[in-house]
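Below is one structure, written out as structure tokens; comments come after it.
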Amino acid sequence: MQSLLLPAQESYLLLRILNGSFQALDSLKDQISVYFAQFFNSKSGLDLIDSRSISCDRNEKKEISDGEGEPRGAVFNALDAMLKGSLDRLKTMRESISWGHTGSSDAILETKYSSDITMIRALCLEGKLGTALWLWRTMVQQFRIPDVLTHNYLLNGLCKSGDLGRAEWLVKEMLRHGPSPTCATYNTLMSGYCLVNKVDKALDLFSTMADHGIRPNRVSCNILVHTLCQKGLLEDARMLLEKILEEDGSDGETSDLITSTILTDGYFKTGNMVEALTCWNDVFQRGIEVDVVAYNVMIHGFCLTGDINLVYKSLCEMFKSGHLPDIFTYNTLISNLCKSGKTNEACYVFSVMPRMGVPPDHLTYKMIIQGLCINGDALRANHFLSHMLEDSLIPKPLIWNVIIDAYGKCGDVEKAFSVKIKCFGHISSALQLHDEMLRRGCNPDIVTYTELLKCYCMRNKMEEAQELFFKGIKLLQPKVGAVNMWEEIIEVHVKDGFTVFLHIISWTPGVLAAIVM
DNA sequence: CTAGGGTTAG
């Protein structure tokens with residue numbers, strides 16, 4: 001409880017600041033400087049600058065070191081740190097006071113500890129690493145060291161966000177001050193390396209783990225095998241696996257469904273169906289129980305090889321073994337049906353999903369709408385769009401673009417005058433879609449405008465095209481992509497393209513820059 | 001969901 005008490009002078013200053021009793025900014029500055037000098041000279045027990053403290057923001061850290069040559073900067077940096085520290089302590093104090101009457105202080109500290117580590121873990125899962133690290137630092141400064149699990153959550157968050165620099169730093173911190181890294185810690189860092197394509201570093205870590213007294217496990221192995229498979233290095237993956245298993249000795253743990261799934265998937269994706277099936281049969285021969293993911297890999301594999309009968313056969317086997325299809329299964333199936341032009345079957349499968357307790361997701365809609373549009377069925381695609389909106393799923397620009405494009409393409413196929421009139425109607429539908437996008441807070445992107453321009457250009461409606469072009473430029477805040485729109489006009493209508501070019505020349509420098517790029 | 005496998009692709 002001692003650390004909760006505020007030194008008298010500090011609290012006095014703090015109170016005065018909070019009460020706003022300083023009359024002028026200058027006097028504030030002076031008092032701060034004086035206080036700051038006293039603070040440093042007296043070397044009071046405040047743990048403002050802890051050796052373990054890290055900066056959540058790198059610039060912040062840089063400022064502090066830059067400030068050495070500039071006393072005023074240093075003063076304010078230190079003041080920031082001081083105020084923050086004081087506020088933190090006040091918060092802690094207030095919390096403990098409000099709980100003080102209900103239980104013993106040990107119980108309070110324990111509750112606080114577990115609520116803090118729960119908070120860190122939740123923040124990491126939400127990807128709020130800055131806040132998570134801040135809370136971590138706060139705890140460390142109060143000598144309340146989070147457990148390994150929490151450290152691993154932090155590490156995982158850093159790795160998933162691609163911040164390998166801080167991930168490495170965190171592991172070093174753990175080695176220096178504890179808690180000691182576990183196998184999961186090293187595995188997390190390994191998969192982080194793989195994520196940013198530093199496979200050599202991952203391999204390096206794999207072979208040096210033992211130096212820290214941690215033996216790589218099955219997960220470590222799978223991480224590497226998976227990465228090698230992703231790169232198409234199937235043979236290397238297989239060799240590595242064999243080598244590891246050899247060194248490991250036969251502790252009966254040679255069969256791992258996940259390893260087999262990774263390899264099967266890898267073989268299917270590189271077009272080696274024979275090896276894929278060998279892998280799969282191997283699993284069955286060993287009597288390993290197969291799970292939904294493994295079935296999905298098989299179903300996807302047969303989709304790739306075009307064996308629709310084997311796809312359905314696998315589905316039947318899946319049902320027979322008591323596994324129900326999940327969202328991946330349905331999406332794989334729908335994707336395949338759409339690609340082979342069987343949109344009716346795809347729509348049927350779609351209708352089955354909610355009844356089987358698996359509601360369609362963004363991907364399902366995307367594939368079915370795209371499939372219908374490729375088939376020229378803009379009307380039905382639009383129907384699914386409404387369905388999607390009813391499901392409270394906000395379509396990404398791509399979906400809108402695909403439908404706009406489908407409307408535009410109608411004119412390409414049918415040339416009769418009467419149909420042309422109908423297509424003009426579709427142009428207005430396209431514009432309606434565009435307006436609906438804006439209304440729903442979905443920003444049209446460069447492709448949206450390019451598609452709309454195509455609609456106009458195909459029908460020689462160059463004035464509208466130009467108008468839309470400028471509208472798009474304005475809304476998009478010119479990017480490199482603007483060149484696409486520009487090219488679209490030129491390509492379709494060379495002569496008028498020159499007129500547009502003249503218009504652009506007289507446009508703002510920002511637009512010009514975009515065009516020149 | 002402390003770490004490892006599966007669905008798309010303007």
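These values consider heavy atoms only, across backbone and side chains, with no hydrogens, waters or symmetry-generated copies. So that the names make sense, note that chain A is the first sequence line, chain B the second, and so on, each numbered from 1.
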*Which whole-number value in Å describes the distance from Q370(A) CD to dG10(B) C1'?*
7 Å
*In whole angstrom, what separates I369(A)'s CD1 from dA9(B)'s C1'?*
15 Å
*Apply the test salt bridge (charged side-chain N to carboxylate O under 4.0 Å, His left out) to residues E173(A) and R176(A): give CA-CA distance (whole Å), side-chain angles for both, the deciding distance (0.1 Å), then the verdict.*
CA-CA 5 Å; E173(A) 280 298 304; R176(A) 213 177 302 152; 3.4 Å; yes
*Under 4.0 angstrom, heavy atoms only, what part of the nucleic acid is V402(A) near: base, sugar-phosphate, or nothing?*
nothing
_Rounded interatomic separation in angstrom, taking CG from L195(A) and P from dA3(B)_ = 14 Å
*Contact class for V297(A) (heavy atom, under 4.0 Å): base, sugar-phosphate, or nothing?*
sugar-phosphate
*Measuring from C347(A):SG to L337(A):CG, what's the distance to the nearest 0.5 Å?*
10.0 Å
*State which residues pass side chain to side chain contact (heavy atoms under 4.5 Å, CB included) with L205(A); sequence neighbours excluded, sorted by chain then number.*
Y186(A), L189(A), M190(A), Y193(A), T208(A)
*Hey, can you tell me if F284(A) and W280(A) have their rings parallel, tilted or perpendicular (30° and 60° cut-offs)?*
perpendicular
*asked:* Whole angstroms only, please: what is the CD1-P distance between I288(A) and dG5(B)?
replied: 18 Å
*Are any non-hydrogen side-chain atoms of I223(A) and C194(A) less than 4.5 angstrom apart?*
yes
*From dT8(B), dT2(B), dT7(B), pick the nucleotide closest to the side chain of A184(A)?*
dT2(B)
*Which is it for E275(A) and R238(A) under the side chain to side chain contact (heavy atoms under 4.5 Å, CB included) test, yes or no, and what are the steps along the way?*
CA-CA 11 Å; E275(A) 279 296 334; R238(A) 186 129 232 177; 3.6 Å; yes
*Would you mind telling me which of dT2(B), dT8(B), dG10(B) lies closest to the side-chain atoms of L398(A)?*
dG10(B)
*What integer distance in Å separates M174(A):CE from dA3(B):P?*
14 Å
*Ignoring the backbone of S335(A), work out which of dT2(B), dG10(B), dT8(B) is nearest its side chain.*
dT8(B)
_Whole-Å C1' distance, dA3(B) and dT7(B)_ = 23 Å
*asked:* The side chain of V219(A) is closest to which nucleotide in this list: dT8(B), dA3(B), dT7(B)?
replied: dA3(B)
*Out of dT2(B), dC1(B), dG10(B), which nucleotide sits closest to the side chain of L125(A)?*
dC1(B)
*asked:* I want to verify a distance call: between dG5(B), dT8(B), dT2(B), whose nearest atom is closest to the H300(A) side chain?
replied: dT8(B)
*If you look at every strand shown and take non-hydrogen atoms under 4.0 Å, does N217(A) touch a base, only sugar-phosphate, or nothing?*
base
_Can you say whether a donor on the side chain of D291(A) sits under 3.5 Å from an acceptor on the base of dG5(B), or the other way round?_
yes
_Nearest to the side chain of K366(A), heavy atoms from C-beta on, is which of dT8(B), dT7(B), dT2(B)?_
dT8(B)
*To the nearest Å, give me how far apart OH (Y193(A)) and C1' (dA3(B)) are.*
15 Å
*asked:* If you compare every side-chain N and O of K339(A) against the phosphate oxygens of dA9(B) (OP1, OP2), does one of them come in below 4.0 Å?
replied: yes
*asked:* Looking at dA3(B), I'd like to know if its phosphate oxygens (OP1 or OP2) sit under 4.0 Å from a side-chain N or O belonging to N156(A).
replied: yes
_Of the listed nucleotides (dG5(B), dG10(B), dA3(B)), which one gets closest to any side-chain atom of C183(A)?_
dA3(B)
*Quick one, which residues of residues 262-281 of chain A touch DNA chain B with a heavy atom under 4.0 Å?*
I262(A), D265(A), K269(A)
*Ignoring hydrogens and angles, state whether a donor on the side chain of K342(A) or N375(A) is under 3.5 Å from an acceptor on the partner side chain.*
no
*Report the distance from atom CG of L154(A) to atom P of dT2(B), rounded to the nearest whole Å.*
14 Å
*Can you check salt bridge (charged side-chain N to carboxylate O under 4.0 Å, His left out) on R166(A) and D163(A), steps first, answer last?*
CA-CA 6 Å; R166(A) 271 195 273 187; D163(A) 192 348; 2.9 Å; yes
*When rounded to the nearest 0.5 angstrom, what distance separates OG1 in T278(A) from CG in L263(A)?*
11.5 Å
*Mind calculating the distance between CG (N336(A)) and C1' (dT7(B)) to the nearest angstrom?*
12 Å
*Touch class at under 4.0 angstrom, heavy-atom based, for L149(A) against every strand present*: base
